Amino acid sequence: MDAEERYRLVARNTAEVVTEEELRELLDADPTIYIGYAPTGEMHIGHFTTIRKLADFLQAGLDVKVLVADLHAHLDDEKSPFSLLDARSAYYRAAIEGMVEAAGADPEQIEFVQGREFELTSEYALDLLRMAADTTVSRVTRAGSEVVRQSENPKLGGLVYPLLQSLDVAALDADIAYGGIDQRGIYMLSREVLPEHGYDAPVCLFAPLLSGLSGGKMSASEAGSGVNVTDPSERVHEKITDAYCPQGEVENNGVLEYLRYLVFPILDERDEPFVIERPEEYGGDVTYWSYDDLEADFVAEDLHPQDLKATAASYIDEAITPIRERFADRPALLREAYPETYA
RNA sequence: CCGCGCUUAGCUCAGCCCGGCAGAGCAGCCGACUGUAGAUCGGCUUGUCCCCCGUUCAAAUCGGGGAGUGCGGACCA
């Protein structure tokens with residue numbers, strides 16, 4: 001694979017690369033890229049799109065590490081109670097492996113790391129304290145403002161969080177920090193603070209955040225705002241049917257985004273088209289080989305939301321089916337991670 | 001250790017002073033209008049009023065005790 005193709009693969013469907021020059025330079029060698037997930041709520045399509053991209057990274061020959069950031073999950077306003085960290089970490093790992101596989105890549109090629117495996121060493125603790133000594137409260141508050149839960153009486157844990165994450169980059173020997181664009185503030189802090197402590201500043205790659213299905217941002221606290229990766233078929237169809245989807249509009253259109261960032265890349269990998277079955281009355285069946293063509297028709301209002309939704313729901317459902325099946329065998333994983341929901 | 005505030009619907013809160021059928025906004029649900037959803041309009045649901053004891057014909061409301069949470073003060077040899 002030539003350098004240009006490699007770069008295209010790594011950078012496609014991203015929101016931002018910091019910086020493009022640095023990334024091109026890194027790709028001359030075999031860099032390590034990492035992404036961290038704090039095991040808090042159930043995993044959804046948004047997570048899936050970021051994990052789908054891991055297939056791109058593997059194909060481009062990068063070393064891929066996935067951090068299951070258990071301590072982060074507790075540190076951020078105790079989103080996960082300490083007693084559930086292990087159960088949720090196990091669930092996240094299984095779900096992530098399922099998504100990697102569903103994206104057509106091999107989970108064996110990914111190195112999984114859990115936060116507590118390395119974040120409690122004395123070297124790590126010393127670095128962390130030294131960073132805490134020379135970083136202001138307002139600096140870390142700003143860094144974490146899009147990630148850490150905001151409240152009138154913020155906990156100290158939320159302030160330490162960005163420092164911890166910065167140090168993770170160094171401790172995991174990652175050349176590239178990958179994550180949603182909401183992580184930008186934290187990794188910009190990393191680029192600033194790591195060199196002052198003797199480590200390299202990471203190159204950053206950010207994934208776009210998907211719109212919620214009710215318009216606006218996707219919200220973890222709003223049940224219908226996103227499809228979970230273990231949702232039953234009926235629920236997927238229900239959520240997509242109920243989704244905000246104005247005719248001809250691309251802005252804030254979660255359905256289109258699901259197709260763009262998840263369904264089409266998977267179809268592309270398998271060399272299969274997206275086929276919409278439609279009554280003759282509304283124009284008959286249509287076949288799309290690329291997202292761009294579909295979007296063009298939608299914008300031109302040659303493709304009606306109702307026809308789009310019906311088909312999209314089936315393809316999305318199909319995309320998560322392998323994950324759902326993986327959990328069908330092991331119901332305890334979900335039940336123990338979310339006893340309130342699955343008890 | 002001491003003082004003060006807060007705790008009421010899924011969420012944000014009003015009601016408490018001065019006891020008399022537990023409320024509002026948002027969210028949610030159902031219809032109407034749309035070849036989807038949203039918006040709009042019409043309708044509807046929701047409660048351990050933090051807990052215990054007491055006063056009273058009657059307590060979210062008054063008195064006592066306690067819990068949780070937050071803020072402030074004090075201590076600083």
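A, B, ... follow the sequence lines: proteins, then strands. Residue 1 opens every chain. Just so it is clear, the structure is predicted and the values come from calculations on it, not from any experiment.
Ion pairing between a basic and an acidic side chain is recognised when a charged N comes within 4.0 Å of a carboxylate O; A:R8 and A:E4 show no such pairing. Looking at A:R330 and A:E336, no side-chain N of the basic residue comes within less than 4.0 Å of a carboxylate O on the acidic one, giving no salt bridge. Taking the charged nitrogens against the carboxylate oxygens, A:R116 and A:D70 do have a contact shorter than 4.0 Å, which makes a salt bridge. A salt bridge does not link A:R278 to A:D285: none of the charged side-chain nitrogens sits closer than 4.0 Å to a carboxylate oxygen. Using a 4.0 Å cut-off between a side-chain N of Lys or Arg and a carboxylate O of Asp or Glu, A:R52 and A:D56 qualify as a salt bridge.
Put simply, CG on A:D307 is 8 Å from C1' on B:G35, counting in whole angstrom units. Straight-line distance from the CD atom of A:E301 to the C1' atom of B:G35: 13 Å, rounded to whole Å. Whole-Å rounding puts the A:F298 CZ to B:A37 P distance at 13 Å. To the nearest angstrom, P of B:U69 lies 13 Å from CG of A:D77. Going from atom CG of A:L308 over to atom P of B:G35 covers 18 Å, rounded to whole Å. Rounded to a whole Å, the CD atom of A:E238 is 14 Å from the C1' atom of B:A37.
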*Please, what dot-bracket string fits RNA chain B when only Watson-Crick and G-U pairs with both distances under 3.5 Å count, crossing ones use [ ] and pairs to another strand use |?*
((((((((.[[[[.)....(..]]]].(((((.......))))).....[[[[[..)....]]]]])))))))....

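Here the separation of B:A58 from B:G19, taken at their P atoms, is 15 Å to the nearest Å. Taking atom P on both B:C13 and B:A9, the two are 11 Å apart, rounded to the nearest angstrom. The separation of B:G47 from B:G65, taken at their P atoms, amounts to 33 Å, rounded to a whole angstrom. Straight-line distance between the P atoms of B:U55 and B:C1: roughly 32 Å, to the nearest whole Å. One C1' atom belongs to B:U69, the other to B:A32, and the distance between them is 46 Å to the nearest Å.
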Write down the protein N/O and nucleotide N/O pairs, taken from nucleotides 29-34 of chain B, whose separation is under 3.5 Å; answer none if there are no such pairs.
none

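Using a 30° and 60° split on the angle between ring planes, A:H72 and A:Y161 fall in the perpendicular class, above 60°.
Atoms CG and CD, on A:L194 and A:E196 in that order, are 9.5 Å from each other to the nearest 0.5 Å.
Summarising the local packing, CD of A:Q150 is surrounded by more than 12 heavy atoms from other residues, nucleotides or ligands at distances under 6.0 Å. Within a 6.0 Å sphere centred on CD of A:E25, other residues, nucleotides and ligands contribute 12 heavy atoms or fewer.
Residues from residues 244-262 of chain A placing a heavy atom under 4.0 Å of any atom in RNA chain B, listed by number, are A:Y244, A:C245, A:P246, A:Q247.
The aromatic ring centres of A:F274 and A:Y291 sit 6.0 Å or more apart. Taking the six-membered ring where the residue is Trp, the centroids of A:Y261 and A:F48 are separated by 6.0 Å or more. Remark: aromatic rings of A:Y282 and A:H304 are distant, center separation not under 6.0 Å.
Comparing B:G35, B:A37, B:G70 by their closest approach to the side chain of A:N153 singles out B:G70. Here the side chain of A:K309 is nearest to one of B:G70, B:G35, B:A37, namely B:A37.
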